[in-house]
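The structure under discussion appears below in the form of structure tokens.
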4 protein chains.
Amino acid sequence: MPEGGHLPLLKKEKKTKYLRRQQEVLDAAAAVIARKGYHGASTTDIAGELGVAQPSLYYYFASKDEALEEICRIGTAGYLERLQAIMDGTGATRNKIRDAIRAHIEPVRTIPNYVKSFQRERRYLPAERRHELGRLIGEYDKLFRLLLESGVSAGDLKPDLDCELAALMLITQCNVAQYFVGDDVSLDRTSTAIADVFLTGAEL
Amino acid sequence: MPEGGHLPLLKKEKKTKYLRRQQEVLDAAAAVIARKGYHGASTTDIAGELGVAQPSLYYYFASKDEALEEICRIGTAGYLERLQAIMDGTGATRNKIRDAIRAHIEPVRTIPNYVKSFQRERRYLPAERRHELGRLIGEYDKLFRLLLESGVSAGDLKPDLDCELAALMLITQCNVAQYFVGDDVSLDRTSTAIADVFLTGAEL
Amino acid sequence: MPEGGHLPLLKKEKKTKYLRRQQEVLDAAAAVIARKGYHGASTTDIAGELGVAQPSLYYYFASKDEALEEICRIGTAGYLERLQAIMDGTGATRNKIRDAIRAHIEPVRTIPNYVKSFQRERRYLPAERRHELGRLIGEYDKLFRLLLESGVSAGDLKPDLDCELAALMLITQCNVAQYFVGDDVSLDRTSTAIADVFLTGAEL
Amino acid sequence: MPEGGHLPLLKKEKKTKYLRRQQEVLDAAAAVIARKGYHGASTTDIAGELGVAQPSLYYYFASKDEALEEICRIGTAGYLERLQAIMDGTGATRNKIRDAIRAHIEPVRTIPNYVKSFQRERRYLPAERRHELGRLIGEYDKLFRLLLESGVSAGDLKPDLDCELAALMLITQCNVAQYFVGDDVSLDRTSTAIADVFLTGAEL
DNA sequence: TATGAATGAGCCTTCATTCAT
DNA sequence: TATGAATGAAGGCTCATTCAT
């Protein structure tokens with residue numbers, strides 16, 4: 001279970017400190033990778049962000065690949081569980097959908113660099129891990145689709161809704177949301193707009 | 001208008017052949033860059049795609065940068081004009097919107113590698129060209145927003161529609177459309193789904 | 001003052017060792033460049049001279065250009081000061097001239113590769129640094145000319161001496177001296193011969 | 001005897017035209033090599049100087065090396081003969097020396113690019129040709145030395161003159177002369193100054 | 001805990017050269 | 001007579017990684 005990969009044998013008391021520092025290293029890596037792309041981000045850039053010498057990174061990660069893996073792991077953590085929890089709730093479909101959108105967008109606020117890195121750079125993961133992630137994403141897509149389908153079944157959504165596509169559309173809409181957030185466009189406004197348009201449409 | 005960069009002094013009759021070959025080189029570059037990303041795509045990869053030696057590329061392009069520039073130029077060509085033409089038409093708002101979506105998605109079918117490369121790799125362009133493209137994109141976004149605003153004015157769209165955001169949402173929705181096109185999901189189906197959901201919403 | 005270019009963040013105690021090694025690298029570069037010319041000397045040649053892998057050089061210099069800059073800096077260091085010191089002295093003009101010649105030739109003995117590289121390869125420096133060096137050389141030429149002019153004023157040299165040209169002639173004479181030094185021609189003999197001929201001429 | 005190397009089988013009438021064009025190509029090569037150095041001058045630069053496509057050069061020369069060989073041949077042609085002729089004359093030593101200086105400097109005026117290229121770039125010649133040239137230079141140096149020695153024997157020059165070194169000094173002095181020719185320094189003035197200083201010295 | 005030093009692999013690019021036309 | 005097209009070799013440089021300390 002040492003998901004964080006690489007991990008020297010340490011006395012328990014040291015371990016916490018080590019993990020904390022590893023987190024900082026990861027934050028720096030995620031920041032630089034989000035900004036410059038995986039191949040555009042050199043380990044020197046990342047070390048520079050931290051103010052340490054470049055080989056020091058290798059004390060926390062066995063390779064750049066591994067760091068990306070860990071970043072993607074963090075950037076995707078909890079999505080399935082949160083969506084499942086929402087679906088298990090009892091509210092109206094429209095509220096479940098609003099919640100799902102908010103839940104999906106939330107990490108964009110809290111860990112934006114992890115999310116961006118995962119979204120745009122996961123294709124550079126080693127094949128195995130990439131496929132593993134692909135399966136996870138597939139499950140999430142399916143779950144989201146189930147949410148819509150149950151809405152249709154419940155008579156809350158249009159009976160002819162293309163649930164498969166609609167799910168993908170909602171998800172990608174949330175994913176790109178961050179890129180048009182700016183000085184005058186907040187995440188909340190975006191989140192609401194996505195839900196409003198999706199549920200009620202633009203036409204009078 | 002298609003500057004095409006680099007161009008040895010050639011007699012007119014040979015020029016056509018040269019430009020045709022340059023186009024092939026560009027196609028290969030776009031294909032590899034779309035697949036592997038700009039930094040992930042080596043000039044050796046591109047040459048391999050063409051079955052030529054790697055320095056041969058430099059007979060057609062002065063640099064990898066320049067090739068990306070040209071790819072982005074092609075990948076963005078005509079968008080503004082097509083959207084403007086649609087807006088200048090006389091149909092109902094809903095039809096204009098459907099047309100705009102189809103027009104935006106169309107290049108995804110015809111020149112997918114150029115579109116993908118532009119969308120994902122433009123940030124690696126040299127600063128000047130990148131900013132130039134940024135301005136172009138800004139204009140397009142604004143034009144799309146005007147389309148929606150005129151729909152609101154005409155009483156075809158909801159008076160409280162957040163046109164700025166809605167425009168961005170539609171555009172990005174179209175942009176990502178290609179990534180969920182697969183064996184059983186066609187571009188047409190996607191195009192229709194985007195329009196349907198946007199116009200009428202998912203709720204009954 | 002010796003900028004030394006490139007310099008990783010090092011603890012003070014390590015700095016000395018780093019600078020010493022940098023000096024060795026520079027020595028090797030100067031040797032190869034003096035032998036083969038700037039463009040004829042590949043970084044691989046230089047690394048070979050040191051017995052290290054070629055990229056190792058980049059730990060000590062940011063670029064080949066920068067190494068040439070540093071070589072030229074060293075190859076020109078102190079000339080102005082030494083000449084000025086001689087001119088500030090109180091001896092007879094003839095002795096000052098002999099001293100100036102010896103001073104000019106001295107680095108040819110101590111750091112021949114730096115001097116040769118500077119003399120023959122400075123034209124390949126980046127424009128800015130090249131112009132900077134040009135100004136330095138101009139000042140030196142002027143100072144040397146002043147030395148001769150003061151000799152004329154003092155009545156030690158012929159009143160019709162073309163001091164401008166004579167200065168250039170002496171300087172270049174010293175510069176090329178190294179190329180005819182061989183088994184039976186020493187620097188001392190050369191240095192004396194230059195001064196003798198210049199002062200008293202060859203005719204009876 | 002086809003010294004010009006490379007030479008296709010041509011009817012006699014065409015030959016002249018071919019040789020004339022070859023001369024132009026050589027002039028261009030010498031110009032660019034003088035300006036940028038042998039390794040700094042690309043065949044593309046040379047072709048650009050001529051306004052032709054770059055492979056066209058290979059119609060006149062088998063290789064860049066060969067062009068340099070030919071340039072050096074031209075740049076050194078006649079020196080020995082001219083000096084010999086002067087020595088065979090009957091004038092006073094001082095006039096022979098003045099004539100020798102003028103003769104040595106003359107090509108700097110007429111074919112400066114060949115002279116510069118020869119002087120600075122001959123070390124990049126293929127070994128054999130380089131050594132051959134070295135022998136020629138050696139002969140010239142010896143002849144010049146004989147001129148001085150005969151002057152000493154005739155009682156025209158100081159009996160203790162270091163003729164070996166003095167010859168080298170004069171020659172190199174002439175060689176570098178061109179580099180300080182400028183707006184206000186002519187070749188004539190330089191030529192005279194060299195002779196004056198050499199013969200009578202600078203001291204009163 | 002962290003780093004100084006070094007390196008193999010690989011990248012983009014330039015260049016002299018070739019050859020069919 | 002000249003060139004369009006292509007290429008092998010090499011060049012300078014960057015990068016992820018290693019390892020002794």
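Note that this is a predicted model, so its numbers are computed, not measured. Lettering of chains follows the sequences in order, A, B, ..., and the numbering in each one begins at 1. Quick note: numbers below take in every heavy atom, side chains included, and nothing from hydrogens, waters or symmetry partners.
Between D/I33 atom CD1 and E/dC15 atom P there is a gap of 14 Å when expressed in whole angstrom units. Between C/R20 atom CZ and E/dG4 atom C1' there is a gap of 14 Å when expressed in whole angstrom units. Rounded to whole angstrom, the span from the CD atom of D/Q22 across to the P atom of F/dT1 amounts to 12 Å. Here the P atom of nucleotide E/dC15 and the NE2 atom of D/H39 are 12 Å apart, to the nearest Å. In this structure, the CD atom of B/E66 is 11 Å from the P atom of E/dT14, given to the nearest Å. In this structure, NZ of C/K15 is placed 16 Å from C1' of E/dT3, rounded to the nearest angstrom. In this structure, NZ of C/K64 is placed 19 Å from P of E/dT13, rounded to the nearest angstrom. Computed from coordinates, the D/L68 CG to E/dA16 C1' distance equals 14 Å when rounded to whole Å.
Between D/L50 and D/A28, the shortest heavy-atom contact is CG-CB, 3.5 Å. Scanning both residues, B/E66 and B/F61, for their nearest heavy atoms gives OE1-CD2, 3.3 Å.
Distance from the side chain of C/P55 is smallest for F/dC15 among the nucleotides F/dC15, F/dA5, E/dT3.
Comparing D/T44 and C/K17 by the nucleotide of DNA chain E whose heavy atom lies nearest to each, the residue mapping closer to the 5' end is C/K17. Position along DNA chain F of the nearest nucleotide to C/D65 versus B/S56 favours B/S56 as the more 5'-ward residue.
Here the options are B/T44, B/D45, B/T43, the test is side-chain contact (heavy atoms from CB on, under 4.5 Å), and the partner is B/V32; only B/D45 passes. D/I111 pairs with exactly one of D/I74, D/I71, D/D27 by the side-chain contact (heavy atoms from CB on, under 4.5 Å) rule, that one being D/I74.
Between A/N113 and A/I33, every side-chain heavy-atom pair lies at or beyond the 4.5 Å cut-off.
At F/dT17, one or more side-chain N or O atoms of A/Y58 fall inside 4.0 Å of OP1 or OP2 (strictly under the cut-off). Residue C/T43 has no polar side-chain atom (N or O) positioned under 4.0 Å from OP1 or OP2 of F/dG11. Using a 4.0 Å cut-off, no side-chain N or O of B/Y59 falls inside it from OP1 or OP2 of F/dT7. Here B/R21 reaches the OP1 or OP2 of F/dA6: one of its side-chain N or O atoms lies under 4.0 Å away.
Contact annotation for C/A67: no contact, since no heavy-atom pair falls under 4.0 Å across all strands. Among the atoms of the strands shown, none is found under 4.0 Å from any heavy atom of D/A47. At a threshold of 4.0 angstrom between heavy atoms, the contacts of A/S42 are confined to the sugar-phosphate backbone, with no base atom among them.
Shown here, F/dG11 forms a base pair with E/dC12; the pair counts as Watson-Crick or G-U wobble because both key distances fall under 3.5 Å. Look at E/dC19: its Watson-Crick or wobble partner, with both distances under 3.5 angstrom, is F/dG4.
Between the side chains of A/Y124 and A/D65, no donor-acceptor pair is found at a separation under 3.5 Å.
The base of F/dC13 lies close enough to the side chain of C/Q54 for a donor and an acceptor atom to sit less than 3.5 Å apart.
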